[in-house]
Each structure stands twice: as structure tokens, then as C-alpha cells.
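Taking it in order: structure first as C-alpha cells, then the write-up.
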Amino acid sequence: MKLFISLALIATATAGNNVLLIIADDYGVDAHSLYNPGGTTAPTPNINTLAAAGIRFTSAYACPVCSPTRAAILTGRLGFRTGVGDVISASNTLTSAELTLPEVITQNSHLGIAAASFGKWHLSSGTPNAVRSLPNTIGGWPHYAGATSGALTDYTNWTKTTNGVTSTSTTYATTDVVNDASAWISARNTAGQQWLAWVAFNAPHTPFHIPPPHLHSYGSNPANNSLKYSAAVEAMDTEIGRLLLSIDPATTDIIFIGDNGTPGQVIQSPYNNARAKDTLYEGGTRVPCIVKGPSVTSGGRTDSSLVHIVDLFSTMLDLAGVPLPASVTLDSKSLKPLLSNQGDISRTRLYVEQFDQAATTTGGRVLRDDRYKLIRFNNATDQFYDILADPAEAFNLLAGGIAALHETHQMHYFRLRFNLGRYTNTTIPSPLSHSLDAHGFELVVPENTAAGQTMWQSADLDFWKPVSGAGRSTSSGKISFTCPHPLPDSAFFSILTEPL
């Protein structure tokens, strides 16, 4: 018998930095010059300056659309836990049951940290009057100013909400967000108060438009949507430069990230409009992520670690010196060890999902490791890619079926598929009994009629594969699985439960 003992360390708060989170809307890696040097991208000197003195993550992932990305940052939890798996709807919305980033800061009020959110919200549905107070109530923000909807109808004539009170703003939205955020940050600096600010631009999300001329270099009549998109990006970068003037760089950690991939109308090579925003492919989920500030050691470097948007929850609290909550299950890992160049975050696989609780066959689930990527769509089809050899995902290795995969690919496909089973609310069954007899090794578990259950084996607890020729029988709410003779000299067995 083996006894495993777990020792828990209680985190204590330490003095932290100010934290500025900047989110660009609909901004994938193809749209940024540092990630796509061969592309036709907008000039972004201020964002590039952050990278030159900071750390640029080259394998950072968000969700395919904005609402689940924002929910993941706000809660530190993946969509299958929060219920937010797609664009906000009546069946797909953030609830008051979730503990949010600003609520954690409020719980640690003795630290004296001010928190505020500016710009796009898009985490709750309903009538405008019902939604307008939710960034403060469900979101937990002590101060909020911005647009609660998913998209503006007009960047210079839009509905603005400030702590539950609505008004019409005719200020260019990108400029308005920076006006509010800069004023709030400056007031905190004057008061000598530590702060955390979430600044979420609507740009460069549609509608494609021409920003005020002093903010960009694309002229008064860009010829197509791609140029208008680039003009909005450049205008955003210009205003980011003005926002950065309000901070003290010696005491402020800055995070810049895109919330999902680039829209199909304007996406660039190596991706296409079938591999863009609102898809589980790289073009829909891989985003720029740059961190600069006093917590970054040896600035100007890149890091290829697998980073998920959900990690920003723990990262921001860690940078601010706020202890992580122990009352909820978190999927978030602090990036601070990577920033300080003193370790890693121990993530060997990265998970992305998209789902709509009202349309169960749409979307799917993704798991990738340092080389391979499995997409398991909710319509019961799989795709499998070698991301290092095929970053544009042009060649589905499963096109000829599982049996046609050569041995190495099959091993990695099964390993990802097995580990994908961990990312679900479906209860993992505990064995009821096991035995070894003339028929082979038998394992009995409770039957789950709402999921698929299969018997798997492994020699090393790393590479798993289905048991070939496994027997299966059901009786009285139990399933008996049998691995037939000849049995391996040694093996681990498990029952994989997969959503139907």
C-alpha cells in the first residue's frame, strides 16, 4: 500500500505592483507585426515598445470569441465550469455564483488596492436596463465605465454605461476609454494608492470604420475593410501610447493581449476565413500576449510556454500581491515565474473550448501539447494536427481514420484524447471492484448513460490507448469492462468517460 501525503502551503500577501490589463478586441497573431513579420500589418510602435522591454509569449491562446475569454480572465476558470462557452445569450451568461477578480481584491481590502474596469463588458444578457449595472454587481467592479454590449453600432455615437447610469457618447470610443482610464489612474497615483485597471478596447472589432485622422496614417478613405481594420489598430496603439503616459513604469506591470482571433473578413496568411475568429483553429484562438514591467526580468525576450487567457486571473493577483482564493477551483496559473525567468508554470497541455448550451452540437473542445493538437468537435468528429510542421492546420492527420495514422501519431492522438477527458463536469467514476480470472482483467464501474465509457490502458501513466478487444457488459447500473488475455506484464487501467 502506498500512502500519499499532501502538504498545503498558505500563501501570504506581499507588497505588489500596479497592474494594467489592455485587451484588444478581435486581434489575432496574424494582425501583429511581431507575430506575423511577413504580413501587411498596422504600425503599432507603442505595443512593440512594450515587447522590446518585456516578454512576448508566442504560444498564448484565448477562446474563439470574446465572452468566454472575458469570463475566463475575470474568474480564473474555464467555460465548462462557468457556463460561458460562447457569445453571451440567455443560456450562456456569467452568474453571481462566480467569484471574480475584483471581488477577490475587495475581500482583501486591507491591502488598499483600487480596482476598475473600462471599455467592453459583454458578459451578461438581457434588456439594456437590466444589463447596465451588472459589471458592478455580477462583475464585482467598484468602478466601471464603458459599453456593455458585444459591439458598437457606431464608434462615435454609442451608449455608455458608468456605474449603472447610461448616456450617449459621441467621443470616438477608443479615445473615450483612454480618457476615463487615464483620469482614474492619475487620481489613484495622486492619492498614492495601489491600483488594478482592466482596459478593454472595442477596437478593432467591427464595424470597420475610419478613425479620427490624427490617430492613424491610412488617410480619409481607406479602400477596403482590411485597411480600415488596420487604421483602427493603429488608432488603438496611438491611444495606448497616451494611456501609458498616465502610469509609473517603475511600479506598474502592463499586460497586452487579444481576446480572440482576427475576423474572417480581414484575416491574413497563414490563416484563412475558415480558420479565423469563431473557430477552434489557430487563427481563431492564438493571440498576441505581451507583458512589460518591474516583474519582468531580462526584457526583450520571447517565451514559447503554453499560456491560456485564464492565466491572467492568477497572474494579475500575483503581481498585485493579492493571495489567490482558496474557496474555488481555479484553472489559472500565474505567469510570474516566467516573467521573472525563475521557473515555469508546469503546463504540458493547453485546453480550449467552445459550446452553446442551447445548441449542443456546435463548437467543440481542443487539447494541444508542445507539438500536436486534437480538435474534438461536438458533432462527433475529430481533427488532429502537427502544429510544429503544419501551423496553418492544412493537413488533418485523421483524414484517413485512426487506423491510417502511423504509430507515433496514433500514440500522441490517443494521449491527447485520454487527457481531454479531464476537462469536463462529468463525474469520473470510481471503480466498484476489480478481479483477475481466466477471462482477463475485469474492472467494474458505475454506468453513466449520459456519456461514453471505454476501457484504456497505459504502461507509464503518460501514453494511454484503448484496450483492444475489451469486453463490456451492463447490469443494474454497473458496467463490467474486461481486458482479455494475453495481458501485458504490467499495465495501468482506466475508464475514459467522454461526453456524447
Side-chain angles (χ1 to χ4, degrees), residues 22-62 201 203-205 208 215-219 222-241 244 254-277 279 281-292 296 298-307 309 335 338-339 350 368 370-371 373 385-395:
I22 303 172
I23 305 175
D25 199 351
D26 286 7
Y27 193 57
V29 290
D30 66 289
H32 194 281
S33 61
L34 296 180
Y35 290 86
N36 188 16
T40 304
T41 56
T44 53
N46 293 300
I47 298 172
N48 291 12
T49 297
L50 295 178
I55 180 170
R56 178 167 61 91
F57 292 99
T58 58
S59 296
Y61 287 80
F201 290 105
H205 193 289
F208 299 120
L215 296 177
H216 68 97
S217 59
Y218 286 83
N224 55 50
N225 285 339
S226 292
L227 294 178
K228 291 177 181 179
Y229 177 87
S230 292
V233 170
E234 185 180 7
M236 177 183 66
D237 182 84
T238 300
E239 292 292 36
I240 286 174
L244 296 179
I254 305 157
I255 302 170
F256 172 84
I257 198 159
D259 73 340
N260 49 245
T262 304
Q265 305 98 306
V266 295
I267 200 164
Q268 298 189 54
S269 178
Y271 311 121
N272 57 46
N273 60 7
R275 299 283 195 270
K277 172 190 174 178
T279 77
Y281 298 103
E282 296 288 282
T285 59
R286 193 163 156 252
V287 294
C289 179
I290 296 167
V291 184
K292 183 258 183 186
V296 175
S298 303
R301 58 191 168 92
T302 61
D303 191 293
S304 61
S305 300
L306 295 176
V307 170
I309 199 93
L335 304 180
L338 298 176
L339 304 182
L350 183 137
R368 70 151 291 182
D370 59 347
R371 177 159 190 165
K373 175 177 175 179
Y385 296 97
D386 182 341
I387 296 298
L388 291 188
D390 178 26
E393 296 162 298
F395 305 103

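When all heavy atoms are compared, the tightest approach of Pro270 to Ala392 is O-CB, 3.2 Å. Taking every heavy atom of both residues into account, Ala60 and Cys289 meet most closely at CB-CB, 3.5 Å. Of all heavy-atom pairs between Val291 and Val296, the closest is O-CG2, 3.6 Å. Closest heavy-atom contact between Ile309 and Gly258: CD1-O, 3.9 Å. In terms of heavy-atom proximity, Ser59 sits nearest to Arg286 at CA-NE, 4.3 Å. Taking both residues in full, the closest heavy atoms of Ser230 and Ala42 are given as O-CB, 3.3 Å, listed atom of the first, atom of the second, then distance.
With contacts defined as side-chain heavy-atom distances shorter than 4.5 Å, the pair Asp370/Leu306 does not qualify. Phe201 is listed as a side-chain neighbour of Ile240, based on a closest heavy-atom distance under 4.5 Å. Between Asn48 and Ser33, the closest side-chain pair of non-hydrogen atoms falls below 4.5 Å. Contact check for Glu282 versus Pro391: no side-chain heavy atoms found under the 4.5 Å cut-off.
Between atom OH of residue Tyr271 and atom CD of residue Glu393 there is a gap of 7.5 Å, rounded to the nearest 0.5 Å. With rounding to the nearest 0.5 Å, the separation of CG in Asn260 from CG in Asp26 is 5.0 Å. Here the straight-line distance linking atom OG of Ser269 with atom CG of Asn36 works out to 7.0 Å at 0.5 Å rounding. Separation of atoms CG (Leu34) and CD1 (Ile290) is listed at 6.0 Å; rounding is to 0.5 Å. Note that the OG1 atom of Thr49 and the CD1 atom of Ile254 stand 10.5 Å from one another [nearest 0.5 Å]. Taking CD1 of Ile267 as the start and OH of Tyr281 as the end, the distance is 12.5 Å to the nearest 0.5 Å.
In this structure, Tyr35 and His32 have perpendicular ring planes: the angle between them is above 60°, well past the 30° mark. Ring geometry, Tyr27 versus Tyr229: the interplanar angle falls from 30° to 60°, so the pair is classed tilted.
Remark: the Asp237 side chain and the Asn46 side chain contain an N/O donor-acceptor pair separated by less than 3.5 Å. Side-chain contact, Gln268 with Thr262: no donor N or O sits under 3.5 Å from an acceptor N or O.
Screening Lys373, Arg371, Arg368 against Asp386 for a salt bridge (Lys or Arg N to Asp or Glu O under 4.0 Å) leaves a single residue, Arg371.
Side-chain atoms of Arg56 do not come within 3.5 Å of backbone N or O of Leu50 as any donor-acceptor pair. Distance alone, capped at 3.5 Å, places no donor-acceptor pair between the Asp25 side chain and the His205 backbone.
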Derivation and outcome, side-chain contact (heavy atoms from CB on, under 4.5 Å), residues Leu215 and Glu239: CA-CA 8 Å; Leu215 296 177; Glu239 292 292 36; 3.9 Å; yes
Test side-chain contact (heavy atoms from CB on, under 4.5 Å) applied to Val287 and Ile257, step by step: CA-CA 7 Å; Val287 294; Ile257 198 159; 3.9 Å; yes
